[in-house]
Amino acid sequence: MVGTSVLYQSHFMTPQEDHSRIPESDFTLKEQECIAFMKRCKSLRDMKQVHCQIVKLGLIWSSFCASNLVATCALSDWGSMDYACSIFRQIDDPGTFEYNTVIRGLIKEMSLVEALFMYLEMLESGVEPDNFTYPAVFKACALLRTLEEGMQIHGHVFKLGFQEDLFVQNSLINLYGKCRDIRNSRMVFEQMDQKTIASWSALVSAHANLGMWSECLGIFADMNSEGCWRAEESVLVSVLSACTHLGALDLGRSVHCYLIRNMSGLNVIVETSLMDMYMKCGCLEKGLCLFERMANKNQMSYSVMISGLAMHGCGQEALRVFSQMLEEGLPPDDVIYVGVLSACSHAGLVEEGLRCFNKMKYEYGIKPTIQHYGCMVDLMGRAGMLNEALELINGMPMEPNGVLWRGLLTACKIHSNVELAEVAAKNLFQLNSQNASDYLTLSNLYSKAQRWEDVASTRTRLAEEGLNQEPGSSSVEVKREVFKFVSQDKSHPQWESVYEMLHQMEWQLKFEGYSPDTSQVSLDVDEEEKRQRLSTHSQKLAIAFALIHTSQHSPIRIVRSVRMCSDCHTYTKFISTIYEREITVRDRNRFHHFKNGTCSCGDYW
DNA sequence: TTAGGTAGGT
């Protein structure tokens with residue numbers, strides 16, 4: 001039974017109107033009419049009118065009507081949880097449906113803890129949950145990332161025997177996924193008799209959330225092989241994200257083809273992920289083309305485009321897109337400014353970068369984060385403003401992290417400044433950096449300065465710390481297969497033909513005027529040994545392999561695990577002319593596009 | 001008689 005206090009708050013009825021009980025046998029027809037009216041409500045005001053009618057007709061005594069009233073108020077977009085709860089609280093004997101509705105309503109307005117308390121109240125009141133209760137409760141746990149409570153409630157599911165309900169299982173996959181418990185997420189999935197697109201989707205998202213990109217693609221392949229291949233945008237967006245992170249351009253392209261064939265139009269999220277995938281897989285033109293054709297660009301589409309252009313070294317173009325965004329009235333945020341500042345840094349646009357940094361702080365009131373400072377240290381460092389970069393670090397309102405000191409150390413390497421490099425390295429090592437490459441960078445600097453004793457002591461310290469440098473690698477995609485090479489690699493079955501090819505290439509390079517820059521080899525070995533080591537850097541092996549196995553004029557795409565040495569850079573420029581190939585190299589930070597003897601970075605990287 | 005899971009892109 002519902003009391004009357006709330007009802008009289010309505011503007012549409014007065015206390016003197018009678019709402020005496022009508023016989024239950026007359027409920028059905030009038031109930032249906034009231035429910036039909038509820039469904040037509042477009043606002044809380046409409047709802048209050050229907051509510052009055054219900055009271056006037058005496059139907060408020062019908063638990064079906066009262067339940068629907070609570071449900072409509074709790075779950076409609078225009079609804080009000082306060083109103084829904086006030087009706088709910090006046091129901092004498094709320095049952096499972098009423099509790100389920102209120103729990104869902106609370107989750108809808110993100111009152112997640114309250115939703116869990118409502119579930120507890122339900123249990124304490126002796127109202128038995130059903131298979132509709134748990135998907136909602138697990139959703140609350142998933143959003144709160146509360147694994148412990150989620151697991152306890154999973155126990156209730158077993159106790160009540162809902163463990164085989166499809167919706168309960170799907171919500172559990174999601175719960176464990178969100179709580180980073182991938183083992184249990186998979187276990188629930190594997191124990192399911194029947195799997196729907198939502199089950200696959202939840203499992204793909206669980207892996208995507210953890211950055212398990214290869215597994216994500218594996219699940220997607222299983223999903224297809226089990227005949228569950230349907231246009232489900234959310235799954236495809238996760239798959240595109242995996243392609244982006246792994247550089248799996250071919251799969252990304254096939255997802256794009258599928259979307260074009262099967263969808264009447266693409267929404268902004270799908271378009272943005274496609275654009276991101278193309279840009280990060282090296283297809284700048286394709287990304288730009290998608291961007292230009294997008295009907296509705298939002299802040300994130302601009303952000304993806306700006307950071308994509310930054311990675312490709314197109315600083316001016318990134319700044320143009322940024323201005324376009326501001327002209328369209330979209331406000332910049334801190335993430336977009338990371339893209340803008342890194343665009344300036346990669347393209348050597350020092351003045352623009354400094355101007356943007358100040359504008360961000362003073363015009364838009366965005367407080368610089370450590371990422372922004374990282375970009376600025378990079379920007380100044382690359383441009384040779386090493387003391388200014390150090391000053392910026394020292395004046396930061398927060399403690400500098402390893403990324404910043406590493407940025408300064410790399411800049412010192414570029415500009416051969418051993419003194420400042422020692423300052424950067426000292427700070428970096430104090431942060432307990434477990435990165436062997438930092439020691440090697442310092443050692444390379446000492447080697448360039450021919451300070452062999454310091455080279456030896458740095459390498460000894462590296463050994464003492466027990467750090468192993470994972471060898472830098474270059475991967476190349478040939479006929480849909482990825483081949484990975486490390487320096488001086490002879491592990492590939494065809495290594496002899498690769499080395500033969502390298503030999504032939506060297507002749508051509510010599511003829512064209514290339515001479516190896518042996519200063520890039522930081523070992524105290526003779527000149528011949530240095531040349532030999534230099535000629536078998538992983539990138540060169542990957543290029544030789546690609547030249548053997550790909551058709552004439554076809555582009556070569558290489559993914560490096562570490563930054564390119566300047567000799568490999570020069571070498572690749574020569575190769576792009578001699579063999580008339582476009583070569584794209586992606587390292588951790590950016591792309592280099594080699595064509596006709598030049599590189600898109602303009603030799604600034 | 002009422003309802004539910006997945007929902008993504010920097």
Side-chain angles (χ1 to χ4, degrees), chain A residues 27-29 31-32 34-36 38-39 62-72 74-75 95-105 107-108 129-139 142 162 165-175 177-178 185 188-189 192 195-206 208-209 216 223 228 230 232-245 266-277 279-280 290 294 297-311 332-340 342 371:
Chain A
F27 275 173
T28 318
L29 185 63
E31 276 177 345
Q32 299 299 341
C34 286
I35 305 298
M38 276 185 213
K39 282 186 181 159
S62 142
S63 65
F64 185 61
C65 263
S67 306
N68 275 286
L69 211 50
V70 174
T72 315
L75 303 173
T96 307
F97 178 79
E98 289 78 17
Y99 270 105
N100 287 352
T101 303
V102 172
I103 291 172
R104 283 177 57 220
I107 294 168
K108 190 167 177 281
D130 64 6
N131 51 331
F132 282 83
T133 314
Y134 290 101
V137 173
F138 288 137
K139 186 174 185 171
F162 299 124
D165 181 279
L166 177 67
F167 286 83
V168 173
Q169 288 169 320
N170 286 345
S171 56
L172 278 165
I173 299 171
N174 180 49
L175 163 74
K178 289 278 190 300
S185 185
V188 173
F189 180 83
M192 288 172 81
K195 288 158 188 144
T196 61
I197 184 90
S199 328
W200 289 100
S201 175
L203 194 68
V204 169
S205 301
N209 285 339
C216 223
M223 177 177 160
C228 203
R230 210 178 74 192
E232 183 77 11
E233 285 180 339
S234 60
V235 180
L236 295 178
V237 167
S238 296
V239 170
L240 280 173
S241 189
C243 294
T244 307
H245 285 90
L266 303 180
N267 69 29
V268 65
I269 297 176
V270 176
E271 283 184 312
T272 307
S273 6
L274 276 169
M275 202 172 82
D276 193 33
M277 184 274 294
M279 303 278 287
K280 294 216 176 108
L290 277 169
M294 274 175 83
K297 300 181 183 86
N298 63 17
Q299 217 181 14
M300 209 187 275
S301 328
Y302 276 102
S303 183
V304 165
M305 179 43 70
I306 291 166
S307 54
L309 287 165
M311 280 188 88
D333 64 11
D334 57 332
V335 183
I336 289 175
Y337 263 110
V338 172
V340 170
S342 83
Q371 279 91 355

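Numbers restart at 1 for each chain; the letters A, B, ... are given by sequence-line order, proteins then strands.
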| task | Answer with base, sugar-phosphate or nothing: what part of the nucleic acid does A:Ser301 contact at a heavy-atom distance below 4.0 Å? | result | base
| So, does the side chain of A:Asn131 form a donor-acceptor pair with the base of B:dG5 at under 3.5 Å? | no
| query | Looking at B:dT1, B:dG5, B:dA3, which one has an atom nearest to any side-chain atom of A:Gln32? | reply | B:dT1
| query | Is there a donor N/O on one and an acceptor N/O on the other, under 3.5 Å, for the side chain of A:Asp276 and the base of B:dT10? | reply | no
| request: Tell me what A:Val235 touches on the nucleic acid: a base, only sugar-phosphate, or nothing, going by heavy atoms under 4.0 Å. | output: nothing
| query | When all nucleic acid strands are considered with a 4.0 Å heavy-atom cut-off, which category describes A:Val304: base, sugar-phosphate, or nothing? | reply | sugar-phosphate
| said: Within the 4.0 Å heavy-atom criterion, would you say A:Lys280 contacts the bases, only the backbone, or no part of the nucleic acid? | reply: sugar-phosphate
| task | Would you please confirm or rule out a distance under 4.0 Å between OP1 or OP2 of B:dG4 and any side-chain N or O of A:Lys139? | result | no
| said: Test side chain to side chain contact (heavy atoms under 4.5 Å, CB included) on A:Val204 and A:Ser234; report intermediate values, then the result. | reply: CA-CA 10 Å; A:Val204 169; A:Ser234 60; over 6 Å; no
| remark: Testing B:dT6, B:dG5, B:dG4 for proximity to the side chain of A:Ala202, the answer is B:dT6
| query | With distance as the sole criterion, do the side chain of A:Asn100 and the base of B:dG4 form a donor-acceptor contact below 3.5 Å? | reply | no
| said: Any base atoms under 4.0 Å from A:Asn209, or only sugar-phosphate, or nothing? Heavy atoms, all strands. | reply: nothing
| said: Heavy atoms from C-beta onward define the side chain here; which of B:dA7, B:dG9, B:dT2 lies closest to that of A:Asn174? | reply: B:dA7
| request: Report yes or no: is the ring centroid of A:Phe167 under 5.5 Å from the six-membered base ring centroid of B:dG4, with the two planes under 30 degrees? | output: yes
| Is there a donor on the side chain of A:Ser273 or the base of B:dG9 sitting less than 3.5 Å from an acceptor on the other? | no
| request: With sequence neighbours excluded, tell me which residues meet side-chain hydrogen bond (donor to acceptor under 3.5 Å, both in side chains) with A:Asp334. | output: none
| Got a donor-acceptor pair under 3.5 Å from the side chain of A:Gln299 to the base of B:dT10? | no
| query | If you measure from the ring centre of A:Phe97 to the centre of the six-membered ring in the base of B:dT2, is it under 5.5 Å, with the planes under 30° apart? | reply | yes
| When only distance counts, do a donor and an acceptor, one from the side chain of A:Thr244 and one from the base of B:dG9, lie under 3.5 Å apart? | no
| query | Going by heavy atoms in the side chains, are A:Met223 and A:Ile197 under 4.5 Å from each other? | reply | yes
| How long is the span from the CG atom in A:Asn100 to the CZ atom in A:Arg104, to the nearest 0.5 Å? | 8.0 Å
| request: Side chain of A:Pro135 only, please: which of B:dG9, B:dG4, B:dG8 is the nearest? | output: B:dG4
| said: Are B:dT1 and A:Phe64 stacked, with the base six-membered ring and the side-chain ring centres under 5.5 Å apart and planes under 30°? | reply: yes
| query | How would you list, by chain and number, every residue that makes a side-chain hydrogen bond (donor to acceptor under 3.5 Å, both in side chains) with A:Asp276, sequence neighbours excluded? | reply | A:Lys280
| query | Out of B:dT10, B:dG5, B:dG4, which has the shortest distance to the side chain of A:Ser307? | reply | B:dT10
| said: Can you tell me which nucleotide in B:dG5, B:dA7, B:dG9 comes closest to the side chain of A:Lys178? | reply: B:dA7
| query | For A:Ala71, does its backbone N or O pair with a side-chain atom of A:Asn68 as donor and acceptor, under 3.5 Å? | reply | no
| request: Establish, with yes or no, whether the OP1 or OP2 oxygen of B:dA7 is under 4.0 angstrom from a side-chain nitrogen or oxygen of A:Ser205. | output: yes
